Structures are given as structure tokens and as C-alpha cells.
Amino acid sequence: PEVQPEPYRIKAIEPLVLTTRAQREAALREAGWNTFLLRSQDVYIDFLTDSGTSAMSSVQWAEMMRAAETLSYSAAYHRFVETIQEVYGFPYVLPTHQGRAAEHVLSQVLIRPGQYVANNMYFTTTREHQERAGGIFVDVIIDEAHDPAAHHPFKGNMDPEKLRDLIRRVGPEQVAYVCLELNVNMAGGQPVSLENVRTVAQLCREFGIPLIFDATRAAENAYFIKAREPGMQDRAIPDIFRELMSYADGITVSAKKDLLVNIGGFLAVRDAALYRRMEQFALRFEGHPADGGLARRDLVAMAQGAREMLDVNYLRSRIEQVAYLAAALRKAGVPIVEPPGGHAVFIDARRFLPHLPQDQFPAQRLAGEIYLAAGVRAMERGIVSAGRDPETGQHKYPRLELVRLTIPRRVYTQRHLDVAAEGILDVFARREQIGGLRMVFEPPVLRFFTARFEPM
Ligand SMILES: CC1=C(O)/C(=C\N=C(/C)C(=O)O)C(COP(=O)(O)O)=CN1
């Protein structure tokens, strides 16, 4: 595939810093071989995350300047709520400062300790908040999602039989809710089909179990439904999106992805009583229900972002940019998660460095080597991110040992993708010489953010 013509042009630029390999070796040592700990000014192309790293549009910036910072139920608040109601189709909307705040509120309000939550694979903060609320996390994603080479078009799908077995085993009243993530991040940004959502929604209705979406990358999921699901090619994205949302009782959203803003999040639900409980809980630490701890300018930036995120030409150019990088790596034989996801290319570090055992942290080492080669910052999504089992204290050994090259929205050009590919091919050429890492500092929670390593 070639990168689709972008339906926008550059209006402002941010100068990038070019570093030498020697500078990068010093920076990576200083960062304990953890790309999260690199100073941003030592990074040339930042593929760490697509969260909060998008370029905003001239309209978003203009709206932000015009937003009056009046407290309580401001014009900005009504603009935000009315836009989310229209685009997503939920009556009750609660802004939060970002996605994990929404997850915290929802988990605390919906989970009774000891109850189960069924998910399609895990996301770090989502599972953290489910477990923090006393929930028991269960993965009911289809088996193909755990196989990087499987070419399933909707690897994010839930396995209805796994879900039904869980409900039968523990009883419907012991399932707090079903949490369905769209464009499953940890599986490689893999979409869920509309057909699967309908099946899961039917199951939840049958047993009276709430269905909650993590709708953080739902717009990109809608694009894959249009592009890959039989009978969907001629439907408009907003139409697909509204039907998709109609199956959920509620959603949590990190606005820092789909909605093209640098900060923000929200909850949206259909039930007034549930909204009131969430509002009361969030009041203590997310700020007033009319701002969720955000400035008014952030609310209007989210409102405008919710309009821009469903433009099919923007979505096509964004998704095809990811496919372009994936194609460049695939052509050279670099093992990647197939098919390419919506927000990132995931390198299969297990197959890239087959001589390294997983507890020598192959993905962590590969992310460091990619930075050394080209100043490109990637993120480890393997054993380090998976953390330790709360019962046994042992590493969780996930099937997927990946390095995520996460492409920010509307930021980098095709030439930047070429530079990243060239650097990765350089590392690939000398992969046999690459050794493992040993962890020299391990924090107790979400260790991937601050752990430190040294080469073996
Ligand atoms: C699917 C999903 C995410 O991907 C997510 C955050 N993701 C980050 C930060 C990422 O780098 O993928 C969050 C948390 O959102 P937050 O980073 O707190 O705004 C929730 N769900």
C-alpha cells in the first residue's frame, strides 16, 4: 500500500533534534534501557505512544482560544456534552481528565469485590482498575489474537463460547460487566467486527449483564468494519459508528487517541442512576461534573476532535500510514503482528530475537536497539508490561512479546516512516549479536513505566 494523500497540510512545525549514535548510547544508559525514561529531546521520531500525541487542527486551536474559562455548567461543557451525545448516542456524559480516570470511576461503581469482568485481552490501566476494585480479570478474546502470525481480519473479537462458559461457571450475578475494547491495543490494534459485537450484546442481554466498551480507538475500529466486514463497504463511517455504540450500556474513552486531543477522557452511559453514582464518586477527585478536572478549552478541543475523528479521508490516510510501515518491514522479513493494526505496527520480538528467553526481556532490548539505530522511540509490550501475577509473584509470561511502533495522528510524514524502517532493518541485519537485559530496578505497580535494565 502507499500512504494515502493526507486531507490536510502543515500549518505549524516543531523543530526535531538529530542526535549521533554516541549521544543516544549515553541517553539510553542514563534511561536504564527503558524508552519511557528517555528525555523527549533525545528522541528524533517518537513512536512511544499515540496517546495525547496527535496534531490538533487549526479549528481545534481556534475553538480553544475562544472558550471562556467560566466554571460549572459552561458553554464549553454544553458544547462538549451535546457533541458526544450526537456522535456517540449516549444521554449521560461525564468528562474526566483522561481514560484511566474514567476506568477508575466505572470500576469502583460497577464492581463488587470478588466479581468477574470479562475482557477481550487486557490493557494495563483497565485491568489495574478492575483488580483495584476487587474484580477478577478474565480474558475471553478469540485464540487467534494471541498468535501474531494469524491473519484473522477481526482478531479483537470475543469468543462467545468462552464468555458463555464463564457466565455458566460463576453465574451471571457474579459477572460485574463485560468490557469490550475496540481496536484491541495489546493484540496489535486489532478490530472487533460488528457481527461479533451484536453476538456479545445479545449474550449480555440474555443474562442481564452490563456491556461496557473501552471506546478509546472506536473510530479506527469503525474504519476496519467498513474496509473488511462483508456488506459494510458502502456504509458511511458515522453510521457504522453510531450502530456500533448502540450496543453498549456505557463506554469509557481516553480522548487522547481517537479524539485528537492532548488530554481528556469521558464516561457515557444510558442509565440515569448509574450516571448519578459515577458523578458522585468522581466529584471527589475528578473535579466538578461539568469539567472532570479539565479546562474549558480542553472540553471544546474534544468536541471538535469528535467531529474530525470520523472523517473517512483522515481515517484512511491515518490507517494506511500504519499499513505502509508494516509493508516496509514485512517486505524485509521482519516478523510483525498480522494484520497491521489501526494505531501501530507491532514487531514480534520473540521471532526477531528467538535466541533470547522471555525473562531476558527481548522486547525491552529490541526497543532500545531501535532507538540506538535511528533515534526512533518504541514501546515494550511484552513480559515487562504484563507485570507479575498478584497471587504467585512470578512474572506473567504473555504469549505476545511485542515492540510497539505507535504512530501519532497527523504528525509524521512518509519520509519519517522510511527512516524508522531503515533503522529497524539495520537492527534486523545484526539480530544474532543482540543479547538480553537484566532488570536492575523493579517498581511494584505498572513496572514498565519506571523499571531500569542493564545489558547482560
Ligand atoms: C485501550 C486503552 C488505552 O490504550 C489507554 C491508554 N493507552 C496508552 C497510554 C497507550 O500508550 O496505548 C487507556 C488509558 O487512557 P489514558 O492514558 O489514561 O488517557 C485506556 N484504554
Side-chain angles (χ1 to χ4, degrees), residues 34-36 38 40 43 46-54 94-107 117 119-132 137 139 141 145 155-156 158 179-192 212-221 248 250-268 282 285-286 292-294 298 301-302 305 309 322 337 341-346 363 367 377-382 384-386 400 402-409 411 445-446 448-450:
N34 185 344
T35 55
F36 278 96
L38 284 168
S40 295
V43 173
D46 204 343
F47 288 166
L48 183 76
T49 178
D50 66 318
S51 179
T53 55
S54 306
L94 183 70
T96 61
H97 82 276
Q98 63 182 77
R100 64 201 70 179
E103 295 172 332
H104 177 206
V105 172
L106 185 96
S107 299
V117 184
N119 301 262
N120 46 344
M121 206 175 279
Y122 82 101
F123 183 69
T124 50
T125 57
T126 319
R127 183 175 66 195
E128 169 66 18
H129 284 297
Q130 290 172 4
E131 289 175 348
R132 175 174 290 272
F137 168 90
D139 183 0
I141 202 165
K155 287 171 93 168
M158 284 191 168
C179 177
L180 186 145
E181 181 188 341
L182 294 160
N183 260 37
V184 180
N185 192 352
M186 296 304 267
Q190 303 293 325
V192 182
I212 303 295
F213 289 171
D214 177 340
T216 295
R217 295 183 184 84
E220 293 170 356
N221 198 118
I251 58 174
T252 58
V253 176
S254 167
K256 296 169 76 171
K257 287 78 166 172
D258 268 353
L259 281 91
L260 298 158
V261 294
N262 304 127
I263 189 70
F266 63 91
L267 284 143
F285 44 79
E286 283 305 300
L294 296 166
D298 297 318
M302 283 199 284
M309 71 180 193
V322 176
V337 171
H343 67 299
V345 178
F346 290 71
R377 173 158 66 169
M379 185 194 280
E380 191 271 3
R381 294 280 82 163
V384 179
S385 300
L400 296 178
L402 308 175
V403 169
R404 186 182 74 172
L405 299 159
T406 338
I407 317 293
R409 295 169 183 78
V411 170
V445 170
L446 296 178
F448 54 91
F449 281 121
T450 55

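Whatever order the structure lists them in is the order used to number ligands and atoms, beginning at 1. Treat the numbers as computed from the prediction; the structure is a model and nothing was measured.
Between Phe285 and His104, the ring planes are parallel. Angles under 30° get that label, and only those over 60° would be called perpendicular.
Per-residue contacts place Met379 under 4.0 angstrom from the following atoms of ligand 1 (heavy atoms of the residue considered): 11 (O). The distance from ligand 1 to the heavy atoms of Lys256 drops below 4.0 Å at these ligand atoms: 19 (O). Residue Ser51 has at least one heavy-atom neighbour below 4.0 Å for each of these atoms of ligand 1: 8 (C), 9 (C), 17 (O). Shown in contact with Gly99 at under 4.0 Å from a heavy atom are these atoms of ligand 1, numbered in order with element: 15 (O), 16 (P), 18 (O), 19 (O). When each atom of ligand 1 is checked for a heavy atom of Glu181 under 4.0 Å away, the hits are 1 (C). Atom numbering of ligand 1 starts at 1 in the shown order; those under 4.0 Å from a heavy atom of Thr49 are 10 (C), 11 (O).
Contact annotation for Arg404 and ligand 1: only side-chain heavy atoms (C-beta onward) come within less than 4.0 Å of the ligand.
Nearest protein heavy-atom neighbour of atom 18 (O) of ligand 1: Arg100 NE, 2.6 Å. Scanning all protein heavy atoms for the shortest distance to atom 16 (P) of ligand 1 gives Gln98 NE2, 3.3 Å. Here the protein heavy atom with the shortest distance to atom 20 (C) of ligand 1 is Glu103 OE2, 3.2 Å. Nearest to atom 6 (C) of ligand 1 among the protein's heavy atoms is Lys257 NZ, 2.8 Å.
Ligand 1 has a nitrogen or oxygen under 3.5 angstrom from a nitrogen or oxygen of Asp214. In terms of polar-atom proximity, Thr125 is not counted as a contact of ligand 1, lacking any N or O under 3.5 Å from an N or O of the ligand. On a distance-only criterion, Leu48 and ligand 1 share no N/O pair closer than 3.5 Å. Remark: ligand 1 and Arg381 share no N or O pair separated by less than 3.5 Å (distance only, no angle test).
Side chain of Thr406 to main chain of Leu48: a donor-acceptor pair is present (N/O by atom type, distance under 3.5 Å, no hydrogens or angles). With hydrogens and angles disregarded, no donor-acceptor distance shorter than 3.5 Å links the side chain of Asn120 to the backbone of Ile141. Under the 3.5 Å distance criterion, the side-chain polar atoms of Asn221 are matched with a main-chain donor or acceptor of Val192. Listed for the Thr216 side chain is a donor-acceptor partner under 3.5 Å among the backbone atoms of Ser254. Here the side chain of Arg100 pairs no donor or acceptor atom with the backbone of Thr126 at under 3.5 angstrom.
Across Ala145 and Lys155, no two heavy atoms sit closer than the pair CB-O, 3.2 Å.
For the 3.5 Å distance criterion, the side chains of Arg381 and Asn185 fail to qualify, holding no donor opposite an acceptor.
The nearest non-hydrogen atom to atom 5 (C) of ligand 1, considering only Tyr122, Phe36, Phe123, comes from Phe123. In the candidate list Asp50, Asn183, Asn185, Thr53, Asn185 is nearest to atom 4 (O) of ligand 1, counting heavy atoms.
Applying side-chain hydrogen bond (donor to acceptor under 3.5 Å, both in side chains) to Asp50 and the options Arg404, Lys257, Lys256, Arg217 leaves one that passes, Arg217.
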Could you check Thr53 against Asp46 for side-chain contact (heavy atoms from CB on, under 4.5 Å), going step by step and ending with a plain yes or no? CA-CA 9 Å; Thr53 55; Asp46 204 343; over 6 Å; no
Could you walk me through whether His97 and Asp298 satisfy the side chain to side chain donor-acceptor pair (under 3.5 Å) test, starting with their C-alpha distance in whole Å, then the side-chain angles of each, then the deciding distance to 0.1 Å, before giving a yes or no? CA-CA 9 Å; His97 82 276; Asp298 297 318; over 6 Å; no
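Not a single heavy atom of His343 sits under 4.0 Å from any atom of ligand 1.
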